[in-house]
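To start, the structure itself, in C-alpha cells.
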Protein chains: 2
Amino acid sequence: MDDRLIMKNKTGNQILRDAAIAPAEAERPTLKTIAFMAGLGVTTVSRALKDAPEIGQATKNRVQLIAKQIGYRPNRAGVRLRTGKTNVISLVLNAQSSIMGLTSNMVYGISEVLSQTPYHLTVTPYSLENDPMQPIRYIVETGSADGIIMSRTEPDDPRVRYLTEHGIPFATHGRTEMGIEHPYHDFDNEAFAYLSVKSLLAKGRRKIAMLAGPSPAVTYYRHLDRGFSRAIEEGSAAAVAFSGVDVDTSLGRIRDRMEEIMSGSNRPDGIVCCSGGAAIALVAGIEAAGLKIGEDVDLVSKQSTDVLQWFRPQIIVFNEDVRHAGRELARAVLRRIAGVDARELQSLSYPDEHELR
Amino acid sequence: MDDRLIMKNKTGNQILRDAAIAPAEAERPTLKTIAFMAGLGVTTVSRALKDAPEIGQATKNRVQLIAKQIGYRPNRAGVRLRTGKTNVISLVLNAQSSIMGLTSNMVYGISEVLSQTPYHLTVTPYSLENDPMQPIRYIVETGSADGIIMSRTEPDDPRVRYLTEHGIPFATHGRTEMGIEHPYHDFDNEAFAYLSVKSLLAKGRRKIAMLAGPSPAVTYYRHLDRGFSRAIEEGSAAAVAFSGVDVDTSLGRIRDRMEEIMSGSNRPDGIVCCSGGAAIALVAGIEAAGLKIGEDVDLVSKQSTDVLQWFRPQIIVFNEDVRHAGRELARAVLRRIAGVDARELQSLSYPDEHELR
DNA sequence: TAGCCTACCTGTAACGTTTCAGATTTGGGA
DNA sequence: TCCCAAATCTGAAACGTTACAGGTAGGCTA
C-alpha cells in the first residue's frame with residue numbers, strides 16, 4: 001500500500017501528507033479556506049478583505065480576524081490572472097553603470113519604498129550594445145510589470161514615447177525634452193556643473209574642462225553643458241575641451257587620455273568630473289603627468305558613494321544621493337499607477353556639497 | 001450611443017476598442033488564439049508547444065510556426081496558477097554591502113544567466129538590523145520564487161536549515177559548516193588571506209594585521225582567519241590584532257581607528273584587508289598617521305571593482321570576480337531546480353592577483 | 001396585504017494554463 | 001470482415017481570484 005494519505009478536507013482542497021518524509025507541509029490558505037471557516041461564500045470573503053461597502057461590519061471583522069489568524073496571503077498568480085495586475089515594478093538599467101554603487105543604491109532606495117506595499121521589484125539589466133527598447137518592449141508585450149523605472153534617459157527617448165503611447169506607467173531617472181509630461185526624478189546636473197565651475201573660479205582657476213556624459217545622447221549631458229557654459233561665461237574663464245573621453249569610457253583609457261592631455265601645453269587648471277569612478281582614473285592620469293591635485297590643478301567631482309574624499313581630500317565633492325532618487329522614483333511610479341497626474345510626479349534634487357568630517 | 005465598440009473575435013475573447021484614444025490595443029495571443037488559427041484544441045496546442053510525444057510532427061511544426069508568427073508568449077500568471085511554478089529567482093541580500101559595486105555585479109551576473117531562460121529576477125534587500133530569516137520566510141510562505149540566492153552565509157545558517165527542510169532550491173554565496181550539502185559558490189578567502197600574508201612576508205613584513213569580516217558570524221571570517229594564521233605560522237611572523245573594527249564598520253570609523261592604531265607603538269607593518277571599500281578608508285587612516293603605503297607599511301586588499309590600483313598603485317590587489325559569482329550562483333539554483341544533486345553545484349573561485357596594466 | 005427598498009450575501013463565470021480521462025482515427029492482424 | 005492497438009487529438013476540470021448578476025430577508029410605505 002502507498003504510505004501517502006490523500007484526503008479531502010472540509011474546504012474541498014486536497015491535502016497530501018507524506019507520512020514521515022515531508023514536514024507536515026501545511027497547505028496555504030485561500031479564500032475558500034476562510035470562506036469555509038467563516039461559513040460564508042468566497043465572494044463575500046474577498047470583498048470583506050478589501051473593505052467593500054456592501055459587507056456588514058461584523059462580517060468584515062470576523063473575516064479579517066480569521067485571515068490574520070491563519071496567515072492568509074492572497075495568491076499573486078490568482079490576482080494577476082484575474083485582474084491583469086502584476087504587482088511588479090521593473091527596474092530597467094544598463095549594465096555599464098555598475099561602478100561605484102549607483103545601481104545598488106538605486107535598488108535599495110526602490111526596495112525601501114516597495115517593501116511597504118504589495119509590489120515586488122524585478123531587475124532587468126541590458127548591455128549598452130543592445131537596443132534599450134528591447135527590455136521595454138518585452139515588459140509591455142508580456143505584461144510583466146505594472147510600472148517601469150528606467151535610467152539613462154535621452155532628450156528624445158523612444159522608450160518614453162513607446163510607454164506613453166501604450167499607457168504604461170513609468171518613471172525615469174533623468175528628464176527628457178520631447179514635450180511629453182511624464183514622472184521623473186533628476187539630479188540637477190546644471191546646478192552641479194555651474195557650482196563646480198564657480199568653486200574652481202573661486203580657487204583662481206581660469207582654464208576649465210569637464211569630463212561629462214556621453215555627448216548629447218543622454219539628457220544630463222545637456223544640463224551639465226548648460227551649467228558649465230553659463231558659469232564659464234559669467235567668470236569669463238576659458239573652457240578647455242576634453243575630446244575622446246567621456247564618463248562611459250573605460251577607466252584605463254580615461255587615465256591614459258588624461259595623462260596625455262595634462263602633459264600637453266593647453267592643459268586645464270581646473271576640472272569638473274561627473275562621476276566618482278571616472279574621477280579616480282582621472283586623478284591617476286593627472287598624477288602620472290606629474291601634477292598635483294590642489295596645486296597644479298583643482299578637481300571637482302560628483303559622487304554617489306562616499307569615497308572621493310578618502311581618495312584625495314583635495315577633491316571638491318558634490319554628493320548625488322542615488323538612494324533617495326530610488327525612493328522618489330518608486331513613489332512616482334506607484335502614484336502614477338494610482339492615477340496621479342504626471343506633472344505632480346516630477347522632482348529634482350540639488351547638489352549637496354560634501355561637508356568635511 | 002457609446003463610442004466604444006465591443007466585439008467578439010473568432011477566439012471568443014473580447015476586444016475592446018477605444019475609437020480614437022487607445023492605439024489599436026492589440027490583444028495578446030493565448031493558446032486559444034493559436035488553437036483557433038490551427039483548427040485544434042487548446043490542449044493539443046499546449047502540448048505541441050512543449051514537444052510532447054503524443055502530438056504528430058506535422059501538427060507540432062504548424063503550431064510552432066503559428067506561435068512564432070503571432071508572437072505567442074505563455075501567460076506567466078496562467079502557468080503559475082496552474083503549475084505553481086513562478087519562474088522567478090529571488091536574490092536576497094542585505095543592504096549594507098552596497099559599497100563598491102558588489103551588489104550590482106552580483107545582479108548583473110545573475111541576470112546574464114537568467115536572460116537566456118524564462119526566469120525573472122526579483123531583488124529583496126533587508127537591512128542588517130532586521131531578521132535575515134524574514135525575507136526568506138516570506139518567499140517560502142507566499143511561494144513567490146522557485147529558487148533563492150542569498151549572501152552573507154553563516155557557518156550555522158538558519159536560512160539554509162529552513163530552506164532545506166522546506167525543500168526550496170537555493171544557492172548561497174559562501175559556504176556553511178553545518179553538515180548540510182547545498183549549492184554554493186564561494187571565493188576562496190582562505191587562499192586569499194594566505195597569499196596576502198605571503199606577499200607581505202615576501203616584502204619583508206613581519207608584524208601583520210588583518211581587517212576581516214564581522215567575527216565569527218559570517219563564514220568567510222573563519223576562512224580568512226585560517227589562511228591568515230597558517231601563513232603567519234609558516235613565516236614565523238607576528239600577528240597584530242585589530243580590535244573594534246571590521247569590514248562592516250563605517251568608513252569614517254575605520255579611518256579613525258586606523259589612525260589611532262597606526263600611531264600607536266605596536267603598529268603592524270603589513271595589513272591584509274578583505275574589502276576594497278574598507279581599504280580606502282584604511283589608507284586614509286594610515287596616511288593620517290603620517291605613514292606611507294609601500295614604505296612604512298604594505299597593504300594587500302581584495303577588491304570586487306577595479307579601483308584600488310588607481311587609488312594607490314602600491315596596494316597589492318587580489319580580484320574577486322563577483323559577476324562571475326553571480327553567474328555561477330544563478331546556474332547553480334537553476335540546475336538545483338532541475339533536480340541536480342547539490343554536491344555537484346558547489347564551486348569555488350580563486351584569488352587572482354591583479355596584473356598591472 | 002402587496003410592493004418595494006435597503007442591506008447583505010451568494011453562485012457562476014472568467015482570466016490562461018496544464019492535467020486527466022477519454023474520444024477518434026488509422027492501420028494492421030486474424 | 002472485424003477487432004484491437006497505436007497514434008493523435010479533445011473537452012472538462014482545476015489552480016485562486018474578482019466581477020457580474022442575482023438572491024434573500026427584513027422593514028417600510030401605500
Side-chain angles (χ1 to χ4, degrees), chain A residues 6 8-9 11-16 27-63 67 70-87 118 141-144, chain B residues 6 8-9 11-16 27-63 67 70-87 118 141-144:
Chain A
I6 300 178
K8 289 253 183 195
N9 71 353
T11 73
N13 291 338
Q14 277 197 346
I15 304 187
L16 222 132
E27 165 175 332
R28 228 179 116 197
T30 70
L31 289 181
K32 216 167 163 186
T33 319
I34 302 179
F36 172 77
M37 293 175 71
L40 294 166
V42 282
T43 305
T44 309
V45 173
S46 171
R47 292 225 257 257
L49 288 176
K50 41 179 61 69
D51 247 333
E54 61 265 69
I55 304 295
Q57 194 52 55
T59 309
K60 279 186 196 169
N61 293 341
R62 202 155 51 91
V63 167
I70 66 176
Y72 168 77
R73 321 247 205 157
N75 178 308
R76 309 191 117 230
V79 176
R80 181 164 170 178
L81 182 57
R82 178 64 238 233
T83 63
K85 184 155 201 248
T86 63
N87 280 303
E141 283 167 11
T142 63
S144 55
Chain B
I6 301 179
K8 291 255 182 192
N9 70 355
T11 74
N13 292 338
Q14 276 196 348
I15 304 188
L16 222 131
E27 166 176 332
R28 227 180 118 196
T30 69
L31 289 181
K32 217 165 160 186
T33 320
I34 302 180
F36 172 77
M37 294 176 70
L40 293 167
V42 280
T43 306
T44 310
V45 173
S46 170
R47 293 225 256 256
L49 288 176
K50 42 179 61 68
D51 248 334
E54 60 265 68
I55 304 295
Q57 195 51 54
T59 310
K60 279 186 196 169
N61 293 341
R62 200 154 52 91
V63 168
I70 66 178
Y72 167 77
R73 321 248 205 159
N75 178 307
R76 309 191 117 232
V79 175
R80 180 163 171 177
L81 182 57
R82 178 64 238 232
T83 64
K85 185 157 199 243
T86 62
N87 280 304
E141 282 166 11
T142 63
S144 54

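Heavy-atom basis, side chains included; hydrogens, waters and symmetry copies ignored. All chains are named by letter (A, B, ...) in the order of the sequence lines, taking the proteins before the strands, and each is independently numbered beginning at 1.
Judged by distance alone with a 3.5 Å cut-off, a donor-acceptor contact links the side chain of T43(B) to the base of dT19(C).
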Name the pairs: protein N/O against N/O of nucleotides 6-9 of chain C, kept only if under 3.5 Å.
residue : atom : partner : partner atom : Å
dC9(C)  : OP1  : T59(A)  : OG1          : 2.6
dC9(C)  : OP2  : G56(A)  : N            : 2.8
dC9(C)  : OP2  : T59(A)  : OG1          : 3.1

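Annotation: the terminal axes of the helix from dT1(C)-dA30(D) to dA30(C)-dT1(D) meet at 80°, where each axis is the rotation carrying the C1' atoms of four end pairs onto the next four (5 pairs per end, rounded to 10°).
For DNA chain C, the residues of residues 71-87 of chain A within the heavy-atom distance limit of 4.0 Å (strictly under) are L81(A), R82(A), sorted by number.
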Using residues 77-87 of chain B as the side-chain source, report each donor-acceptor pair under 3.5 Å to any protein atom, sequence neighbours left out, with the distance given to one decimal.
residue : atom : partner : partner atom : Å
T83(B)  : OG1  : V79(B)  : O            : 2.6
T83(B)  : OG1  : K85(B)  : N            : 3.0
K85(B)  : NZ   : N87(B)  : OD1          : 3.4
K85(B)  : NZ   : Y119(B) : OH           : 2.8
T86(B)  : OG1  : V88(B)  : N            : 3.1
T86(B)  : OG1  : D146(B) : N            : 3.1
T86(B)  : OG1  : D146(B) : OD1          : 2.8
T86(B)  : OG1  : D146(B) : OD2          : 3.4

Can you give the donor-acceptor pairs under 3.5 Å from side chains of residues 40-56 of chain A to other protein atoms, not counting sequence neighbours?
residue : atom : partner : partner atom : Å
D51(A)  : OD1  : K60(A)  : NZ           : 3.4

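Side-chain contact between I34(A) and I70(A) is present, with at least one heavy-atom pair separated by less than 4.5 Å.
Smallest separation of non-hydrogen atoms from G71(A) and P29(A): O-CG, 4.1 Å.
For the pair R28(B) CZ and dA14(C) P, the computed distance is 20 Å after rounding to whole Å. Distance K32(A) NZ to dT10(C) C1': 15 Å, rounded to the nearest Å.
Counting only distance, with no hydrogens or angles, the side chain of R76(B) and the backbone of S144(A) share no donor-acceptor pair below 3.5 Å.
Applying the salt bridge (Lys or Arg N to Asp or Glu O under 4.0 Å) test to residues at least two apart or on different chains, none of the pairs has a partner in residues 36-45 of chain A.
Note: R28(A) CZ to T142(B) OG1 = 6.0 Å, rounded to the nearest 0.5 Å.
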